[in-house]
Every structure is written in C-alpha cells, then in structure tokens.
Amino acid sequence: MSAQELKKPIPLPFIYTFASGAIAGCTELLLLYPLDVIKTRQQLETGKNSMGLVQTFKSIVATEGAGRLYRGILPPLMLEAPKRAIKFGANGYWGGVFTNNGQRKNTQSLAIATGFFAGATESVVVTPFELVKIRLQDKKSTFAGPADVIKKTIAKNGVLGMYSGMESTFWRHWWWNGGYFGAIFAMKQYLPTATTKSGELTNNLIAGTVGGFVGTVLNTPFDVVKSRVQLHGTGEWTYPALVKVAREEGAGALYKGFAPKVLRLAPGGGVLLLVVEALSTVFRNYLGPPYL
C-alpha cells in the first residue's frame, strides 16, 4: 500500500453518515417544501390548460390559506433521516461495488451507474411515504392526516396498497440519482481545485446545484406519472403512462410542475451536498485520526 493510500481517511461510522444526511435533508425540506406542494398540484392537473407557478401559489394561499403550503410535510419530514442516509449510504455501497472498493478508478460512467442503483435502493423505502404525501397534497383531499391516509389505504387495498406506484417511484429515483451523482462527478472535474475550506464548500454547492438540475430534467416525466398513479391507485405501468399523457395532453404535460420542482431540487441538491460535506468535515475533526 502506498503512502498516499495510508493517509486516506477511512469512511465515517454509519451513525455520523446518518446524522449528516438527516440534518441536510431536513434543512432542505423545511426551506423549500412549499415548492413541492405547488409542483404536485400542477402535476395532478389534467388537460392542456393549467396554471403556472405563481398562479398556483396565489390560488392555494387565497382559497386554502398559507398553511396549506406545508400540508403533507410530516411524512417526508419523518422520511428525511432514513431517506438521505440511504441515498448517500447506498451510493457509497454501490460505488464500492463498481470500483472494487477503490481498486478501480472511478469514472463518470461508474458514478452514473452508482447513482442508478442508489436510486433503486432508495425507492423501496420512500414509496409509502410518497403515497401519503401525494394524497394529502391533492386539493380535493379529505384525509384528516397521515394516519388517516394509511388507515383508509390499507382498509381498501391491503398493506401492499401502500406500495401503489412502486414501479414509477423506482424509475423516478433511478433517473434522478443517476443524473445527480453523475453530474456532481463531472462538475468536480471541471471546477478549479479548492485550496481553502470556503472554496471546497463553494465547489460542493455548485456541483450539487448542477446535479439537482440535471436530475430534475431527467426525472420530471416519471414524477408526473408517479404522482397520478399514487393519487388514484391506477396501477399503470410507467412507460405506457408516459406515452398516454403525451398523446392526450401534449408532450409538455410530461413537464408539469417543472418550474417549482427545479427551483426546489437544483438549489436543494446544492444545499444537500453542502450540508453533508460540511457536517462530515465537522465529524471527522471531532473523531480525529484515522478519519482525518
């Protein structure tokens, strides 16, 4: 083993990775959740005429009150800790698989593949939480809260009813994570090498923001289908549903909710990576060698 490899810090213990992802995810969610509500409302609208971001925002506040912008936040807030831990933990695991634990040089292709499989892993956990969130965010929702959604869904469709939309959720996370981590890898190759901590944080913010944008461009059509499948429990398959939406409502309908979604997930991706990396540095300094 070379001297450089001997100096390479070892991975943080799981509890610290978990804490970093949890804090980062909750920070991003609390800051930008209203955009997710607006995005979902736009995606659930059928037909070729739909309101824009500002109109949707004004309509929600005027007719339902500003508090509605945070309705449905409990399920995703409860999910953030395990979701973000799984996102970054699975990315680390699959990265080790594809690079043979670092013996094979990482490339953008491998970073994309790693993101794909991390997203697939993540989708298994998030599907029930997404279903609850979507059904609470619908403007016609009459559910009293998360527990009411769960109770009525299971009563009608059984426990597996909580996994309605699993296949479309799989593809949504597959494409987002592949785009996110792949773009981060590419951006870090192009950005100037950071010589200070502030420069490193800036690079992470830029790379994460670009990653969030790319991931959003790739996965929005799958998110539109997922939202509709989970709201109505139709059981449709994703790719035929994409064709159906484009045929009946026009190709532009596949990007309903894109503006609020990208306004959340582009900077949100930057915030996520920034906070995770910053906290990882804090934890490494706290733990000392051999984590430094």
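Given the structure is predicted, the values throughout are model-derived calculations rather than measurements.
Within 6.0 Å of atom CZ in F57, 12 or fewer heavy atoms from other residues, nucleotides or ligands are found, so the atom counts as exposed in its surroundings.
For the residue pair R135 / T153, a side-chain donor-acceptor distance below 3.5 Å is found, with atom types taken as modelled. Checking T196 against S198 by side-chain atom types alone, a donor-acceptor pair falls below 3.5 Å.
Residues A120 and F170 come closest through the heavy atom pair CB-CE1, 3.3 Å. Taking both residues in full, the closest heavy atoms of K256 and Q42 are given as CD-O, 3.4 Å, listed atom of the first, atom of the second, then distance. In this structure, V225 and A241 approach most closely via the heavy-atom pair CG1-CB, 3.7 Å. Contact record, A118 with W94: N-CD1, 3.8 Å, taken as the closest heavy-atom pair. In terms of heavy atoms, M166 sits closest to S123 at CE-OG, 3.7 Å. Contact between A24 and V276 at its shortest, heavy atoms only, is CB-CG2, 3.6 Å.
Although no hydrogens or angles enter the test, the distance criterion places a donor-acceptor pair under 3.5 Å between the side chain of Y180 and the main chain of G269. Between the side chain of Y33 and the backbone N or O of L69, no donor-acceptor pair lies under 3.5 Å.
Tracing side-chain contacts under 4.5 Å through hydrophobic residues (I, L, V, M, F, W, Y), one never reaches Y70 starting from L136; they form parts of separate clusters. L32 and I60 fall within a single hydrophobic cluster, where Ile, Leu, Val, Met, Phe, Trp and Tyr side chains are chained together by heavy-atom contacts under 4.5 Å. If you chain together hydrophobic residues whose side chains sit under 4.5 Å apart, I112 and F185 never meet in one group. Grouping the Ile, Leu, Val, Met, Phe, Trp and Tyr side chains by contacts below 4.5 angstrom, directly or via other members, places V214 with I206. When hydrophobic clusters are built by joining Ile, Leu, Val, Met, Phe, Trp and Tyr residues whose side-chain heavy atoms come closer than 4.5 Å, directly or via intermediates, V262 is not grouped with V224.
Within the structure, salt bridge (Lys or Arg N to Asp or Glu O under 4.0 Å) pairs that include any residue of residues 59-70 comprise R41-E64, E64-R68 (at least two apart or interchain). Within the structure, the salt bridge (Lys or Arg N to Asp or Glu O under 4.0 Å) test picks out the following pairs touching residues 106-126 (sequence neighbours left out): K87-E122. Pairs engaging residues 192-217 under the salt bridge (Lys or Arg N to Asp or Glu O under 4.0 Å) rule: K197-E200 [sequence neighbours left out]. For residues 253-282, the pairs satisfying ring-ring contact (aromatic ring centres under 6.0 Å, His included) are Y255-F258, with sequence neighbours left out. Sorted by first and then second residue, the pairs that involve residues 138-150 and meet salt bridge (Lys or Arg N to Asp or Glu O under 4.0 Å), not counting sequence neighbours, are D148-K152.
W237 forms part of no hydrophobic cluster, judged by ILVMFWY side-chain heavy-atom separations under 4.5 Å. Taking a 4.5 Å side-chain heavy-atom cut-off between Ile, Leu, Val, Met, Phe, Trp and Tyr, the cluster of L205 extends to L201, L274.
Partners of K188 by side-chain hydrogen bond (donor to acceptor under 3.5 Å, both in side chains), not counting sequence neighbours, listed by chain and number: N204. Legend: residues meeting ring-ring contact (aromatic ring centres under 6.0 Å, His included) with Y163, ordered by chain and number and at least two apart, are absent. Considering only residues two or more places apart in sequence or on other chains, S141 meets the side-chain hydrogen bond (donor to acceptor under 3.5 Å, both in side chains) condition with R71. Considering only residues two or more places apart in sequence or on other chains, E167 meets the side-chain hydrogen bond (donor to acceptor under 3.5 Å, both in side chains) condition with W171, T238. Looking at residues two or more places apart in sequence or on another chain, you find no side-chain hydrogen bond (donor to acceptor under 3.5 Å, both in side chains) involving T63.
Using a 4.5 Å heavy-atom threshold, the side chains of D36 and Q137 count as touching. Annotation: side chain of R264 is not in contact with side chain of T216 (no heavy-atom distance under 4.5 Å). Residues T56 and L53 fail the side-chain proximity criterion, which asks for heavy atoms closer than 4.5 Å. Contact check for F181 versus T114: no side-chain heavy atoms found under the 4.5 Å cut-off. Contact check for L265 versus W176: side-chain heavy atoms found under the 4.5 Å cut-off. Side-chain contact between Y291 and Y16: absent, with no pair of heavy atoms (C-beta onward) separated by less than 4.5 Å. Here the side chains of M187 and N203 are not in contact, with every heavy-atom distance at 4.5 Å or above. Side-chain contact between D223 and K261: present, with at least one pair of heavy atoms (C-beta onward) separated by less than 4.5 Å.
Here F116 and W175 bring their ring centres to under 6.0 angstrom of each other. W174 has its ring centre no less than 6.0 Å from the ring centre of F222.
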Is there a salt bridge (charged side-chain N to carboxylate O under 4.0 Å, His left out) between R284 and E277? Walk through the geometry before answering.
CA-CA 10 Å; R284 289 185 184 281; E277 294 292 343; over 6 Å; no

Give the C-alpha distance, both sets of side-chain angles, the deciding distance and a yes or no for side chain to side chain contact (heavy atoms under 4.5 Å, CB included) between V149 and L131.
CA-CA 9 Å; V149 177; L131 182 140; 4.2 Å; yes

For the pair E249 and K244, evaluate salt bridge (charged side-chain N to carboxylate O under 4.0 Å, His left out) and give the outcome as yes or no after the intermediate values.
CA-CA 8 Å; E249 303 174 46; K244 179 182 177 182; over 6 Å; no

Stepwise side chain to side chain contact (heavy atoms under 4.5 Å, CB included) test for K105 and L110
CA-CA 9 Å; K105 183 180 179 181; L110 290 181; over 6 Å; no

Yes or no on side chain to side chain contact (heavy atoms under 4.5 Å, CB included) for R228 and V245, after CA distance, side-chain angles and deciding distance?
CA-CA 10 Å; R228 296 183 179 191; V245 171; 3.9 Å; yes

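The CD1 atom of I134 sits 11.0 Å away from atom OG of S164, with the distance rounded to the nearest 0.5 Å. Put simply, OG1 on T169 and CD on Q230 are 4.5 Å apart, with the number rounded to the nearest 0.5 Å. Rounding to the nearest 0.5 angstrom, the gap separating the CD1 atom in I23 from the CD atom in E28 is 14.5 Å. Atom CG of L191 and atom CD1 of I184 lie 11.0 Å apart (nearest 0.5 Å).
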